[in-house]
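Throughout, protein chains are lettered first and strands after them, A, B, ... in sequence-line order, and every chain is numbered starting at 1.
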Amino acid sequence: MIASIVRDAFKKAIADGKLPACDIPDVKVEYPKEQKFGDYSTPIALESSKILRRSPMDTGAVLKDYIEKSEIISEVEVARPGFINVFLSFDHIYGNMHSILSDPENCGRSVKDRPRRINVEFVSANPTGPLVIVSARAAALGDALANLIEMSGDIVEREFYVNDYGNQVDLFGKSVLARMREIQGKPFVFPEDGYQGEYVRDIARKILDECGPELDAITGEVDLITAVAQKAIDHNIATQQRDMHEFNVDFKTWFRERKLHENGDVMAALDFLAQRNVIYEQDGKKVFSSTAYGDDKDRVVVRDDGRPTYLLADIAYHLDKIKRGYDLILDIWGPDHHGYIARLSGAMTAMGHGGDSFRVLIAQQVNLIMEGEAVKMSKRLGKFSTMRDLIDEIGVDVARYFFTMRSMDSHLDFDLALAKKESSENPVFYLQYAHARICSLFREAEKRGVTYDPSKCRKEYLDNPEGIALMKLMLKFNEEIVDAAQACEPHRMCSYLMKLAQSFHRFYTDHRFLSDDREQTNSYLTLADAVKAVMKQGLRIVGVSAPERM
RNA sequence: GUGCCAGUAGCUCAGUUGGACAGAGCAACGGCCUUCUAAGCCGUGGGUCAGGGGUUCGAAUCCCUUCUGGCAUGCCA
């Protein structure tokens with residue numbers, strides 16, 4: 001918004017001959033850290049000094065006159081090296097507060113003329129075991145990002161890719177079958193590198209209870225393994241779906257890899273690539289020339305025995321997504337897959353869906369810390385190693401906030417003892433408290449018989465530093481959402497909410513909401529009402545509840 | 001060996017695509033409740049932005065290099 005005002009000012013200045021004609025550079029708009037530098041600031045005059053061959057201060061002075069003509073701006077300043085600082089008018093920020101209240105449920109939502117359709121795939125954990133902590137992080141980040149994209153005016157679909165096919169699945173089936181026989185007291189051989197966890201026994205027990213006779217009817221060992229694997233996988237997927245739902249993450253699609261193999265899509269993807277001349281044959285294998293797209297080496301997609309590799313199935317999966325016509329395909333992967341980006345994005349480019357229309361984000365690893373020591377969460381399942389344990393221990397709100405509050409490419413040390421022990425010092429509660437406090441204000445107001453009518457709000461009462469700070473923050477809500485969605489950085493929403501809560505608590509201590517002055521009380525309540533709406537919306541985006549009392 | 005991520009206050013981390021004196025939370029210390037929720041507010045201390053070069057009006061941010069930690073480097077998924 002500010003950017004376009006500045007750009008227009010630039011254009012007009014050129015048209016009037018006040019500035020030499022030139023290509024207008026991109027207008028960058030910043031939010032100065034200090035209030036004295038304005039609400040927005042642009043270094044455009046500094047950056048264009050070379051092109052224009054004018055001093056930044058002169059350019060700034062010229063632009064100032066043009067920018068000042070906008071209604072939403074109260075003042076424009078040109079500061080020393082050549083920054084143009086813009087101050088918003090009080091009426092503008094005050095008016096924005098009222099538009100929030102006119103439709104609180106939709107505050108922060110932007111509407112686009114041509115919304116993009118975006119697919120966000122995340123978590124996609126193997127169905128061979130329970131969800132672990134890093135899945136929880138991916139879930140929190142992916143869902144928050146999807147919420148942000150939605151709020152920024154695009155259409156989003158959440159998707160979970162289920163790898164229910166291949167060697168790992170067979171191995172899992174063999175492991176469960178072995179445990180079933182063990183339980184029955186029959187002779188059994190536990191597969192080498194099989195799945196060790198105690199949960200395998202639990203699943204074996206469950207399958208025996210529920211499908212014993214059905215499985216007894218199967219005679220061939222291979223068929224039996226396949227059948228057991230499918231039962232076990234289905235069981236795990238059901239568990240994962242339940243866990244995700246409890247984590248407030250609901251996927252539109254749980255996409256089964258097996259389907260791709262069964263209906264021939266995997267081999268069709270090979271043909272599709274072959275038509276684009278990026279497949280060659282070597283020693284009876286089919287190889288994708290991914291080095292042409294910056295990969296370290298070419299990748300085998302079909303083995304010499306004719307079986308496709310995982311990569312080919314993944315390519316087929318992404319081809320399926322391409323065919324569904326998304327404008328943008330977003331994948332969030334775990335840290336152990338970053339070496340995989342080059343080959344898949346190479347395939348995407350080969351299939352005509354590269355560049356800006358495909359993006360892989362890596363959710364970095366999480367180290368669970370207990371009493372200063374990292375908890376190992378590999379084979380043997382110790383306590384707190386699963387997502388389930390985590391939710392049971394610290395709750396959904398705290399978990400979702402903690403996983404979202406950091407940028408996704410930073411490794412996260414998650415101190416469980418701290419998250420639990422100091423739960424009252426938790427940033428999550430700080431935010432929720434702000435919301436609950438406002439709800440409490442309205443309860444108290446009602447008890448005292450105060451009539452609240454936002455249309456009778458008087459702006460003079462909010463024309464103070466604390467009120468202005470709050471209203472300005474609320475004005476920024478939309479931009480913050482759009483920026484965070486664009487950058488794929490959901491953690492920004494957490495910082496924003498922190499500032500909003502801080503600002504509210506400040507106002508609360510400095511101003512008495514419920515007083516004998518009825519006009520003032522009504523005006524203050526109007527402000528609180530708007531803050532409540534924004535806070536609730538922001539918390540919803542992050543996936544945290546907004547309690548009415550604490 | 002090569003690639004990716006990270007290295008910022010005692011701890012966990014932000015730092016808005018190169019901007020103005022480097023920030024927040026927690027921890028520490030000192031203040032603030034007869035009145036709307038003190039799960040709050042105010043203040044103080046705390047830094048060689050891992051080290052070294054470079055690019056320019058300007059660098060925590062970009063380039064080169066060294067060091068440290070983690071991950072990856074399968075025709076597993």
_At 4.0 Å (heavy atoms only), tell me whether A/K476 reaches a base, stays on the sugar-phosphate, or touches nothing._
nothing
*Determine, for nucleotides 1-7 of chain B in 5'-to-3' order, which nucleotides have protein heavy atoms under 4.0 Å from the base (write B), from only the sugar-phosphate (write S), or from neither (write -).*
--BBBS-
*A/E466 CD to B/C42 P: how many Å, rounded?*
10 Å
_Side-chain donor-acceptor pair present, A/Y31, A/E479, cut-off under 3.5 Å_ = yes
*Going by 5.5 Å between centroids and 30° between planes, is there a stack of A/F83 over B/G19?*
no
*Which base, if any, makes a Watson-Crick or G-U wobble pair with B/C36, both distances under 3.5 Å?*
none
*Between A/D314 (CG) and B/C76 (C1'), how many Å, whole number?*
13 Å
*asked:* Taking the C1' atom in each of B/G25 and B/C41, what is the distance between them to the nearest angstrom?
replied: 16 Å
*Rounded off to whole Å, could you give me the OH-to-P distance for the A/Y31 and B/U17 pair?*
9 Å
*Under 3.5 Å on both distances, the Watson-Crick or G-U partner of B/G30*: B/C42
_Gap between atoms CG and P, on A/L148 and B/U16 respectively (whole Å)_ = 18 Å
_Rounded P spacing from B/U65 to B/C71 in Å_ = 24 Å
_Chi-angle category of B/C57 [syn within 90° of 0, anti beyond]_ = anti
_Euclidean distance for C1', B/C67 against B/A50 (whole angstrom)_ = 8 Å
*For A/N126, report the nucleic acid contact type (base, sugar-phosphate, nothing); a contact means any heavy atom under 4.0 Å.*
sugar-phosphate
*asked:* Between A/F507 and A/Y524 (judged by ring centroids, cut-off 6.0 Å), do the two rings come close enough to count as a pair?
replied: yes
*Roughly how far apart, to the nearest Å, are B/G52 and B/A59 at atom C1'?*
15 Å
*Just checking, is any N or O donor in the side chain of A/N522 or A/Y461 under 3.5 Å from an acceptor N or O on the other one?*
no
*Is A/N464 reaching over with its side chain to a backbone N or O of A/G467, donor-acceptor style, under 3.5 angstrom?*
yes
*Protein-nucleotide distance (A/E30, atom CD; B/G58, atom C1'), rounded to Å*: 12 Å
*asked:* Measuring only the C1' atom in each nucleotide, how far is B/U56 from B/G18? A whole number of Å is fine.
replied: 10 Å
*Take nucleotides 35-40 of chain B nucleotide by nucleotide from the 5' end and write B, S or -, depending on whether a protein heavy atom sits under 4.0 Å from the base, only from the sugar-phosphate, or from neither.*
BBBSBS
*asked:* Taking the side chain as everything from C-beta on, heavy atoms only, tell me whether A/L141 gets closer than 4.5 Å to A/R137.
replied: yes
_Base orientation of B/U61, syn vs anti, 90° cut from 0_ = anti
*Please collect all salt bridge (charged side-chain N to carboxylate O under 4.0 Å, His left out) contacts where either partner lies in residues 338-349 of chain A, sequence neighbours excluded, each pair once.*
none
*asked:* At 4.0 Å (heavy atoms only), tell me whether A/Q432 reaches a base, stays on the sugar-phosphate, or touches nothing.
replied: nothing
*Earlier contact from the 5' end, RNA chain B, for A/K36 and A/P127*: A/K36
*Taking the side chain of A/S41 as its heavy atoms from C-beta onward, which of B/G19, B/G70, B/A20 lies nearest to it?*
B/A20
_What is the distance, to the nearest angstrom, from the CZ atom on A/R299 to the C1' atom on B/G74?_
9 Å
*Start with the C-alpha distance between A/Q432 and A/D397, add both sets of side-chain angles, then the distance that settles side-chain hydrogen bond (donor to acceptor under 3.5 Å, both in side chains), and finish with yes or no.*
CA-CA 10 Å; A/Q432 292 181 318; A/D397 284 343; 3.0 Å; yes
*Mind checking the C1' distance from B/G46 to B/C29? Whole angstroms is fine.*
11 Å
*Checking all strands, does A/H337 fall into the base, sugar-phosphate, or nothing category for heavy-atom contacts under 4.0 angstrom?*
base
*When the nearest nucleotide of RNA chain B is assigned to A/P43 and to A/L311 on a heavy-atom basis, which residue is associated with the more 5' position?*
A/P43
*Are A/E159 and A/K321 close enough for a salt bridge, meaning some N to O gap below 4.0 Å?*
no
*In whole angstroms, how far is the P atom of B/U16 from the NE2 atom of A/H491?*
9 Å
*asked:* So A/Q502, base contact, sugar-phosphate only, or nothing? Heavy-atom distance under 4.0 Å.
replied: sugar-phosphate
*With a 4.0 Å cut-off on heavy atoms, is A/P335 in touch with a base, just the backbone sugar-phosphate, or nothing at all?*
sugar-phosphate
_Residues A/Q364 and A/D409: side-chain donor-acceptor under 3.5 angstrom_ = no
*Would A/F122 and A/F160 count as a close aromatic pair, with their ring centres under 6.0 Å?*
no
*If the P atom of B/U34 is compared with that of B/G7, how far apart are they to the nearest Å?*
46 Å
*Is it true that A/F288 and A/Y280 have ring centroids separated by less than 6.0 Å?*
no
_At 4.0 Å (heavy atoms only), tell me whether A/D298 reaches a base, stays on the sugar-phosphate, or touches nothing._
nothing
*Can you tell me the pairing partner of B/U2 across any strand shown, Watson-Crick or G-U wobble, with both distances under 3.5 angstrom?*
B/A72
*Atom-pair distance (CG on A/D483; P on B/A14), nearest Å*: 18 Å
*asked:* Side chains of A/Y199 and A/N236 only: does a donor on one sit below 3.5 Å from an acceptor on the other?
replied: no
_B/G47 versus B/G23 - spacing of their C1' atoms, nearest Å_ = 12 Å
*Now, which nucleotide makes the Watson-Crick or G-U wobble pair with B/U56, with each of the two distances under 3.5 Å?*
none
